[in-house]
Amino acid sequence: MTQSFHPPVRTLMGPGPSDVNPRILEALSRPTIGHLDPAFVGLMNDVKRLLQFAFQTRSALTMPVSAPGSAGMEACFVNLISPGDKVIVAQNGVFGGRMKENVERCGGKAVMVQDGWGMPVDPQKVEDALNTHPDAIALAFVHAETSTGARSDAAALCQLAQAHEALSIVDCVTSLGGIEVDVDGWGADAVYSGTQKCLSCVPGISPITFSERAQETIRKRSHRVQSWFLDMELVMAYWGENTQRAYHHTAPVNSIYALHEALIVLEEEGLENAWARHQANHLALAAGLEALGLELIVPRHSRLPQLNSVTVPDGVNEAVVRRQLLDEFSLEIGAGLGPLAGKVWRIGLMGYASSHKNVLFCLGALEAALNRSGGVAEARAVYSSL
Ligand SMILES: *Cc1c(COP(=O)(O)O)cnc(C)c1O
């Protein structure tokens with residue numbers, strides 16, 4: 001007979017999924033109810049309000065898409081981009097490349113603005129592109145580039161888009177809950193995130209939000225959205241306010257319990273406290289990594305606290321070390337992607353996994369695997385100075 005699956009107990013310090021808070025796993029296991037049950041409808045209203053809190057927006061078109069972050073990305077593009085539309089896409093890692101794919105599959109034309117992997121998006125280059133292409137209808141960029149650990153200036157980039165009457169489409173998959181995301185303050189138009197990074201929830205849900213301007217664009221479309229599942233007009237009949245909840249698709253009921261719990265955890269901690277915790281643990285980890293002779297690839301002022309990319313020392317096989325951490329310490333860290341494959345490790349400190357204990361554990365494991373010392377001591381010194 002095939003046996004039930006019991007996963008090994010890991011510490012997840014890669015690029016996602018991150019360790020899920022046990023409170024959230026417990027919520028997930030509560031009894032399933034109907035997705036149109038009045039009790040579930042009440043829960044949906046709560047989830048919407050909590051997402052507005054997490055995104056810092058008052059937009060009524062704020063909801064969880066029933067699919068992972070990649071579907072949230074797709075939802076933004078298919079609803080806002082029509083055939084023939086020109087979109088400026090800033091790329092400084094893997095995910096900007098996916099945005100380009102999305103624009104092209106919507107029949108649009110992507111104008112690429114490239115920055116080095118590990119660097120933030122350069123607002124000057126974006127401004128030049130907006131000036132050169134005044135007909136661009138949108139600017140798309142990644143706030144927290146998980147493939148490198150670089151943080152871009154979302155406020156400045158959204159402002160540039162607004163000044164050029166372009167919509168802004170912002171990937172906040174890795175930023176939400178880990179660093180400031182201020183959708184209304186930035187004036188961002190379409191923002192998507194994911195549950196499995198700094199919300200420390202199970203993978204498979206994508207919170208999204210659309211501004212008034214974006215909603216206007218959707219209402220004025222001349223072509224029907226090519227995706228039935230992600231068409232916001234249809235989805236809103238299910239998630240919208242004061243609507244007669246109509247059946248659109250069966251919501252992943254238990255995953256919504258989990259997201260609800262994750263957002264309550266964030267609300268209890270407070271946004272600023274969550275960001276400060278991520279930053280403090282990052283400072284300790286970064287100091288420890290540097291003490292081990294590992295270099296962070298992102299310039300100091302643009303580092304994401306929740307994703308730390310460090311160079312693999314010469315003569316070290318990065319895959320062997322990762323495997324050793326997994327086998328001996330049950331610790332997962334991430335590999336490099338694209339041009340960084342084989343050259344870096346990506347160490348995540350996301351959500352529930354961003355803890356004092358994990359920082360020291362990871363540094364200790366790396367000390368053992370690399371046969372070096374001083375990382376744990378350095379991180380402890382940082383903690384006692386904070
Ligand atoms: C993880 C990630 C995604 C994709 O999310 P999935 O849930 O894996 O589909 C998109 N953008 C960024 C920046 C990410 O880190």
Side-chain angles (χ1 to χ4, degrees), residues 12-20 24 51 54-55 63-78 89-103 105 115 117-121 140-154 157 168-181 183 188 190-209 227 229-230 252 255-256 258-259 262 278 298 302-309 332-338 340 344-351 353-354:
L12 301 181
M13 297 180 70
S18 61
D19 277 338
V20 178
I24 295 167
L51 284 178
F55 275 129
M63 71 176 83
V65 171
S66 302
S70 306
M73 177 188 285
E74 194 137 347
C76 291
F77 285 93
V78 296
V89 177
Q91 180 173 20
N92 60 339
V94 165
F95 293 99
R98 293 202 182 165
M99 288 177 146
K100 173 175 189 276
E101 275 281 318
N102 269 274
V103 170
R105 285 169 191 240
D115 278 292
W117 287 50
M119 298 303 289
V121 173
F141 67 93
V142 179
H143 181 213
E145 190 33 276
T146 323
S147 61
T148 65
R151 167 191 199 148
S152 291
D153 186 345
L157 294 168
S168 46
I169 300 177
V170 191
D171 181 319
C172 288
V173 174
T174 285
S175 41
L176 193 68
I179 55 173
E180 181 174 28
V181 171
V183 170
V191 178
Y192 58 92
S193 189
T195 41
Q196 83 281 28
K197 313 266 168 125
C198 293
L199 295 180
S200 276
C201 186
V202 286
I205 302 263
S206 177
I208 56 169
T209 184
S227 164
F229 186 65
L230 297 172
S255 292
I256 299 290
L259 174 58
H278 281 84
V298 175
S302 300
R303 288 177 189 166
L304 287 171
Q306 62 272 53
L307 197 286
N308 301 268
S309 289
E332 178 181 283
I333 65 170
L337 295 176
L340 297 176
V344 303
W345 289 304
R346 290 181 300 150
I347 304 176
L349 284 172
M350 298 184 178
S354 178

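This chain uses plain numbering: 1 for the first residue, then up along the sequence. Keep in mind that what you see is a predicted model, and the values were worked out from it rather than measured. Order of listing sets the numbers, starting from 1, for every ligand and every atom in it.
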**Prompt:** Counting distance only, does the side-chain N/O of Asp19 pair as donor-acceptor with the main-chain N or O of Ala353 below 3.5 Å?
**Reply:** no
**Request:** Please identify which atoms of ligand 1 are closer than 4.0 Å to at least one heavy atom of Thr174.
**Result:** 15 (O)
**Fill in**
Ala150 and Asn92 have their tightest heavy-atom pair at CB-ND2, 4.3 Å
**Prompt:** At a 4.0 Å threshold, what atoms of ligand 1 neighbour a non-hydrogen atom of Thr146?
**Reply:** 12 (C), 13 (C), 14 (C), 15 (O)
**Request:** Report the distance from atom OG of Ser309 to atom CD of Glu145, rounding to the nearest 0.5 Å.
**Result:** 9.5 Å
**Asked** Hey, is ligand 1 close enough to Asp171 that some N/O pair sits below 3.5 Å?
**Response** yes
**Request:** Output yes when the distance from some N or O of ligand 1 to some N or O of Ser70 is under 3.5 Å, and no in every other case.
**Result:** yes
**Asked** Quick one: does Gly69 get an N or O within less than 3.5 Å of an N or O on ligand 1?
**Response** yes
**Message:** For a quick test of reading the model, state the closest non-hydrogen atom pair linking Val202 to Ala258 and the distance between them.
**Reply:** CG2-CB, 4.2 Å
**Request:** Provide, to 0.1 Å, the distance between atom 3 (C) of ligand 1 and the closest protein heavy atom, together with that atom's residue and name.
**Result:** Phe95 CE2, 3.5 Å
**Shortest non-hydrogen separation from Gln306 to Thr174 and the atoms involved** = NE2-O, 3.0 Å
**Request:** Would you please determine whether Gly72 falls within less than 4.0 Å of ligand 1 on a heavy-atom basis?
**Result:** no
**Which segment of Ala144 sits under 4.0 Å of ligand 1 when only heavy atoms are counted** = backbone
**Message:** To the nearest 0.5 Å, what is the distance between OG1 on Thr146 and CG on Asp171?
**Reply:** 7.0 Å
**Prompt:** Out of Glu74, Lys197, Gln196, whose heavy atom sits nearest atom 6 (P) of ligand 1?
**Reply:** Gln196
**Asked** What heavy-atom pair brings Leu337 and Val94 nearest, and what distance separates the two atoms?
**Response** CD1-CG2, 3.6 Å
